[in-house]
Novice: 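I have a structure I would like to understand better, so I am pasting it below and will then ask my questions one at a time.
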Amino acid sequence: MTETEANRSSTRDLSTEDTVELPEQAVPGDGGEGAGSAYERIGGAVAVQAAVRIFYERVLAEPDLAGYFESVEMAGQRRHLAAMLTVLLGGPDTYTGRGLAQAHQGLGISSAHYARVGAHLLATLMWLDVPADVVDHIRETLGQVESQVVAPRSRPAG
Ligand code: HEM
(Lines give C-alpha, C1' and ligand atoms only; values in the text may rest on other atoms or scores of the structure.)
Protein backbone atom coordinates (compact mmCIF):
# COMPACT_ATOMS: atom_id res chain seq x y z
CA MET A 1 0.00 0.00 0.00
CA THR A 2 1.28 3.47 -0.82
CA GLU A 3 1.64 6.05 1.90
CA THR A 4 -1.28 7.96 0.42
CA GLU A 5 -3.52 4.92 0.59
CA ALA A 6 -2.46 4.21 4.13
CA ASN A 7 -3.31 7.75 5.16
CA ARG A 8 -6.59 7.69 3.35
CA SER A 9 -7.77 4.48 4.96
CA SER A 10 -7.03 5.55 8.49
CA THR A 11 -7.40 9.30 8.59
CA ARG A 12 -10.07 10.13 6.03
CA ASP A 13 -12.22 13.02 7.19
CA LEU A 14 -15.74 11.97 6.26
CA SER A 15 -17.11 15.43 6.52
CA THR A 16 -16.15 16.40 2.97
CA GLU A 17 -16.25 19.73 4.81
CA ASP A 18 -14.59 20.21 8.15
CA THR A 19 -17.46 19.14 10.33
CA VAL A 20 -16.73 15.49 11.08
CA GLU A 21 -13.99 14.52 13.44
CA LEU A 22 -13.59 10.83 13.14
CA PRO A 23 -10.86 9.17 15.13
CA GLU A 24 -7.50 9.17 13.43
CA GLN A 25 -6.74 5.83 14.98
CA ALA A 26 -7.65 2.81 12.93
CA VAL A 27 -9.09 -0.29 14.55
CA PRO A 28 -6.54 -2.25 16.61
CA GLY A 29 -4.78 -4.63 14.30
CA ASP A 30 -6.16 -2.77 11.33
CA GLY A 31 -3.98 -3.20 8.31
CA GLY A 32 -5.76 -0.59 6.25
CA GLU A 33 -7.57 -1.77 3.16
CA GLY A 34 -5.72 -5.03 2.87
CA ALA A 35 -6.17 -8.35 4.60
CA GLY A 36 -6.32 -7.92 8.36
CA SER A 37 -8.37 -4.73 8.39
CA ALA A 38 -11.52 -4.89 10.50
CA TYR A 39 -13.41 -4.59 7.22
CA GLU A 40 -11.76 -7.73 5.85
CA ARG A 41 -12.05 -9.59 9.14
CA ILE A 42 -15.82 -9.18 9.34
CA GLY A 43 -16.36 -10.26 5.74
CA GLY A 44 -16.06 -7.09 3.68
CA ALA A 45 -18.85 -5.53 1.65
CA VAL A 46 -21.29 -8.41 2.16
CA ALA A 47 -21.05 -8.12 5.94
CA VAL A 48 -21.30 -4.34 5.93
CA GLN A 49 -24.35 -4.42 3.65
CA ALA A 50 -26.01 -7.03 5.86
CA ALA A 51 -25.31 -4.90 8.93
CA VAL A 52 -26.79 -1.80 7.33
CA ARG A 53 -29.89 -3.65 6.15
CA ILE A 54 -30.55 -5.18 9.55
CA PHE A 55 -29.73 -1.92 11.32
CA TYR A 56 -32.33 0.06 9.35
CA GLU A 57 -34.92 -2.70 9.79
CA ARG A 58 -34.47 -2.35 13.54
CA VAL A 59 -34.57 1.45 13.46
CA LEU A 60 -37.62 1.63 11.19
CA ALA A 61 -39.45 -0.84 13.44
CA GLU A 62 -39.56 1.89 16.11
CA PRO A 63 -42.25 4.38 15.14
CA ASP A 64 -40.65 7.43 16.72
CA LEU A 65 -37.32 6.69 15.06
CA ALA A 66 -38.98 5.74 11.76
CA GLY A 67 -40.57 9.20 11.69
CA TYR A 68 -37.20 10.77 10.91
CA PHE A 69 -36.89 8.67 7.77
CA GLU A 70 -40.42 9.13 6.42
CA SER A 71 -39.39 11.09 3.35
CA VAL A 72 -35.92 9.62 3.02
CA GLU A 73 -35.03 7.46 0.03
CA MET A 74 -33.77 4.39 1.89
CA ALA A 75 -31.72 2.74 -0.87
CA GLY A 76 -29.44 5.79 -1.04
CA GLN A 77 -29.44 6.06 2.73
CA ARG A 78 -28.27 2.46 3.11
CA ARG A 79 -25.59 3.01 0.49
CA HIS A 80 -24.26 6.08 2.29
CA LEU A 81 -24.18 4.43 5.70
CA ALA A 82 -22.51 1.33 4.24
CA ALA A 83 -19.82 3.49 2.65
CA MET A 84 -19.27 5.37 5.91
CA LEU A 85 -19.04 2.19 7.97
CA THR A 86 -16.63 0.76 5.41
CA VAL A 87 -14.24 3.68 5.87
CA LEU A 88 -14.52 3.42 9.66
CA LEU A 89 -13.55 -0.24 9.45
CA GLY A 90 -10.50 0.40 7.29
CA GLY A 91 -12.08 -0.66 4.00
CA PRO A 92 -11.96 1.18 0.67
CA ASP A 93 -13.07 4.78 0.75
CA THR A 94 -16.00 5.43 -1.58
CA TYR A 95 -18.01 7.73 0.69
CA THR A 96 -19.64 10.54 -1.30
CA GLY A 97 -22.36 11.60 1.13
CA ARG A 98 -22.50 14.75 3.21
CA GLY A 99 -20.66 15.21 6.46
CA LEU A 100 -22.47 14.05 9.59
CA ALA A 101 -23.22 17.54 10.87
CA GLN A 102 -24.58 18.71 7.55
CA ALA A 103 -26.63 15.53 6.94
CA HIS A 104 -28.38 15.79 10.32
CA GLN A 105 -28.72 19.54 10.57
CA GLY A 106 -32.28 20.65 11.23
CA LEU A 107 -33.57 17.14 11.98
CA GLY A 108 -33.88 17.94 15.70
CA ILE A 109 -32.39 14.63 16.82
CA SER A 110 -32.42 14.27 20.61
CA SER A 111 -29.63 12.59 22.52
CA ALA A 112 -32.13 9.91 23.63
CA HIS A 113 -32.93 9.08 20.02
CA TYR A 114 -29.24 9.16 19.18
CA ALA A 115 -28.57 6.65 21.94
CA ARG A 116 -31.29 4.34 20.67
CA VAL A 117 -30.05 4.46 17.10
CA GLY A 118 -26.49 3.85 18.30
CA ALA A 119 -27.66 0.90 20.39
CA HIS A 120 -29.33 -0.60 17.31
CA LEU A 121 -26.09 -0.31 15.38
CA LEU A 122 -24.04 -1.97 18.12
CA ALA A 123 -26.65 -4.69 18.67
CA THR A 124 -26.68 -5.40 14.94
CA LEU A 125 -22.90 -5.78 14.86
CA MET A 126 -22.95 -8.06 17.89
CA TRP A 127 -25.77 -10.11 16.36
CA LEU A 128 -23.58 -10.57 13.28
CA ASP A 129 -20.75 -11.82 15.52
CA VAL A 130 -18.49 -8.93 14.67
CA PRO A 131 -15.37 -9.21 16.91
CA ALA A 132 -15.55 -7.30 20.18
CA ASP A 133 -12.65 -4.96 19.38
CA VAL A 134 -14.40 -3.84 16.22
CA VAL A 135 -17.67 -3.26 18.09
CA ASP A 136 -15.70 -1.26 20.69
CA HIS A 137 -14.18 0.87 17.93
CA ILE A 138 -17.64 1.70 16.57
CA ARG A 139 -18.96 2.37 20.11
CA GLU A 140 -16.10 4.77 20.70
CA THR A 141 -16.75 6.51 17.39
CA LEU A 142 -20.44 6.89 18.25
CA GLY A 143 -19.36 8.72 21.39
CA GLN A 144 -17.04 10.98 19.45
CA VAL A 145 -19.47 12.07 16.75
CA GLU A 146 -22.61 12.47 18.85
CA SER A 147 -22.38 16.26 18.99
CA GLN A 148 -22.39 16.41 15.19
CA VAL A 149 -25.67 14.49 14.93
CA VAL A 150 -27.68 15.61 17.96
CA ALA A 151 -29.52 18.92 17.66
CA PRO A 152 -27.79 21.68 19.67
CA ARG A 153 -30.77 22.54 21.84
CA SER A 154 -32.18 19.07 22.36
CA ARG A 155 -32.39 17.95 25.96
CA PRO A 156 -31.90 14.46 27.31
CA ALA A 157 -35.18 12.60 27.82
CA GLY A 158 -36.64 12.52 31.30
C1 HEM B 1 -23.42 8.15 14.53
C2 HEM B 1 -24.66 7.88 14.17
C3 HEM B 1 -25.11 8.14 12.77
C4 HEM B 1 -24.45 7.94 11.59
C5 HEM B 1 -23.03 7.38 11.39
C6 HEM B 1 -25.34 8.37 10.54
C7 HEM B 1 -25.03 8.35 9.21
C8 HEM B 1 -25.78 8.95 8.24
C9 HEM B 1 -25.40 9.07 6.86
C10 HEM B 1 -24.11 8.51 6.26
C11 HEM B 1 -26.37 9.76 6.22
C12 HEM B 1 -26.43 10.11 4.73
C13 HEM B 1 -25.75 11.44 4.48
C14 HEM B 1 -26.10 11.94 3.10
O15 HEM B 1 -27.23 11.78 2.64
O16 HEM B 1 -25.23 12.53 2.45
C17 HEM B 1 -27.39 10.07 7.21
C18 HEM B 1 -28.55 10.75 6.95
C19 HEM B 1 -29.62 10.75 7.81
N20 HEM B 1 -29.62 10.35 9.12
FE21 HEM B 1 -28.07 9.61 10.09
N22 HEM B 1 -26.51 8.80 11.09
C23 HEM B 1 -26.41 8.66 12.45
C24 HEM B 1 -27.37 8.95 13.39
C25 HEM B 1 -28.66 9.28 13.07
C26 HEM B 1 -29.75 9.38 14.02
C27 HEM B 1 -29.60 9.17 15.53
C28 HEM B 1 -30.88 9.69 13.32
C29 HEM B 1 -32.28 9.89 13.77
C30 HEM B 1 -32.74 9.55 14.96
C31 HEM B 1 -30.48 9.84 11.93
C32 HEM B 1 -31.30 10.19 10.89
C33 HEM B 1 -30.89 10.48 9.62
C34 HEM B 1 -31.79 10.99 8.57
C35 HEM B 1 -33.28 11.25 8.69
C36 HEM B 1 -30.98 11.16 7.44
C37 HEM B 1 -31.42 11.66 6.05
C38 HEM B 1 -31.33 13.14 6.00
C39 HEM B 1 -31.75 13.66 4.64
O40 HEM B 1 -31.68 12.92 3.66
O41 HEM B 1 -32.08 14.82 4.57
N42 HEM B 1 -29.14 9.57 11.83
N43 HEM B 1 -27.00 9.57 8.41
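Numbering of ligands and ligand atoms starts at 1, following listing order. What you are looking at is a predicted structure, and each value in this text was computed from that prediction instead of being measured.
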Novice: Okay, side chain of H137, backbone of L88: is any donor-acceptor separation there less than 3.5 Å?
Specialist: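 At least one qualifying donor-acceptor pair exists.
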Novice: If you count the atoms of ligand 1 from 1 in the order shown, which ones are under 4.0 Å from a heavy atom of Y95?
Specialist: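 In order of numbering, the contacting atoms are 10 (C), 13 (C).
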Novice: Using a cut-off of 2.8 Å, find all protein N, O or S atoms closer to atom 21 (Fe) of ligand 1 than that distance.
Specialist: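 Counting only protein N, O or S atoms under 2.8 Å from atom 21 (Fe) of ligand 1, the list reads H104 NE2.
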Novice: Is there a donor-acceptor pair under 3.5 Å between the side chain of E62 and the backbone N or O of D64?
Specialist: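 No, E62 side chain to D64 backbone: no donor-acceptor pair under 3.5 Å.
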Novice: With backbone taken as N, CA, C and O and side chain as the heavy atoms from C-beta onward, which portion of T141 lies under 4.0 Å from ligand 1: side chain, backbone, both, or neither?
Specialist: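 No part of T141 is near ligand 1 at this cut-off.
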Novice: Note the single closest protein heavy atom to atom 35 (C) of ligand 1, along with its residue, its atom name and the distance in Å.
Specialist: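 Nearest neighbour among protein heavy atoms for atom 35 (C) of ligand 1, to 0.1 Å: Y68 O, 3.2 Å.
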Novice: Starting at CE of M74, measure out to NE2 of H80 and round the result to the nearest 0.5 Å.
Specialist: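 With rounding to 0.5 Å, CE (M74) is 12.0 Å from NE2 (H80).
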Novice: Counting from 1, what ligand 1 atoms have a heavy atom of L142 closer than 4.0 Å?
Specialist: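 Answer for ligand 1: 1 (C), 2 (C).
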Novice: Show the atoms of ligand 1 that are less than 4.0 angstrom away from any heavy atom in G97.
Specialist: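 Numbered from 1, ligand 1 contributes 16 (O).
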Novice: Report whether L100 and V72 are members of the same hydrophobic cluster (ILVMFWY, side-chain heavy atoms less than 4.5 Å apart, transitive linking).
Specialist: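 Yes, it is one cluster - the side chains of L100 and V72 are joined through contacts under 4.5 Å.
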Novice: Indicate, as side chain, backbone, both or neither, the part of F55 found under 4.0 angstrom from ligand 1 when only non-hydrogen atoms are considered.
Specialist: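 Looking at F55 and ligand 1, no heavy atom falls under 4.0 Å.
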Novice: Would you say L89 and S37 make side-chain contact, with heavy atoms under 4.5 Å?
Specialist: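 They are not in side-chain contact.
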Novice: Are any non-hydrogen side-chain atoms of V134 and L125 less than 4.5 angstrom apart?
Specialist: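 Side chain of V134 against side chain of L125, heavy atoms only: no contact under 4.5 Å found.
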Novice: Before giving the answer on side-chain contact (heavy atoms from CB on, under 4.5 Å), spell out for L85 and I138 the whole-Å C-alpha distance, their side-chain angles and the decisive distance to 0.1 Å.
Specialist: CA-CA 9 Å; L85 268 181; I138 299 296; 4.1 Å; yes
Novice: Tell me the closest heavy-atom pair linking G90 and Y39, and the distance in Å.
Specialist: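 Shortest heavy-atom separation between G90 and Y39 comes out as C-CB, 4.1 Å.
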Novice: Among protein heavy atoms, which lies nearest atom 32 (C) of ligand 1, and at what distance?
Specialist: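 Scanning the protein heavy atoms, the shortest distance from atom 32 (C) of ligand 1 goes to F69 CZ, 3.3 Å.
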Novice: I'd like to check which ligand 1 atoms, numbered from 1 as shown, lie under 4.0 Å from a non-hydrogen atom of M84.
Specialist: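 Those atoms are 5 (C), 10 (C).
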Novice: Output yes when the distance from some N or O of ligand 1 to some N or O of R98 is under 3.5 Å, and no in every other case.
Specialist: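 R98 vs ligand 1: N/O contact under 3.5 Å present.
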Novice: Specify the closest pair of heavy atoms between Y68 and G108, including all atoms of both residues, with the distance to one decimal.
Specialist: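 Answer, listing the atom of Y68 first, then G108: OH-O, 3.6 Å.
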Novice: To the nearest 0.5 Å, what is the distance between NE2 on H120 and CD on E57?
Specialist: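 If I round to the nearest 0.5 Å, the distance is 12.0 Å.
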Novice: Which of the numbered atoms in ligand 1 are under 4.0 angstrom from any heavy atom belonging to V145?
Specialist: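 What qualifies from ligand 1 is 1 (C).
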Novice: Under the side-chain contact (heavy atoms from CB on, under 4.5 Å) criterion, do Y114 and V145 qualify, and how do the steps go?
Specialist: CA-CA 10 Å; Y114 182 85; V145 302; 3.5 Å; yes
Novice: Quick one: does H80 get an N or O within less than 3.5 Å of an N or O on ligand 1?
Specialist: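 Yes, at least one N or O pair falls under 3.5 Å.
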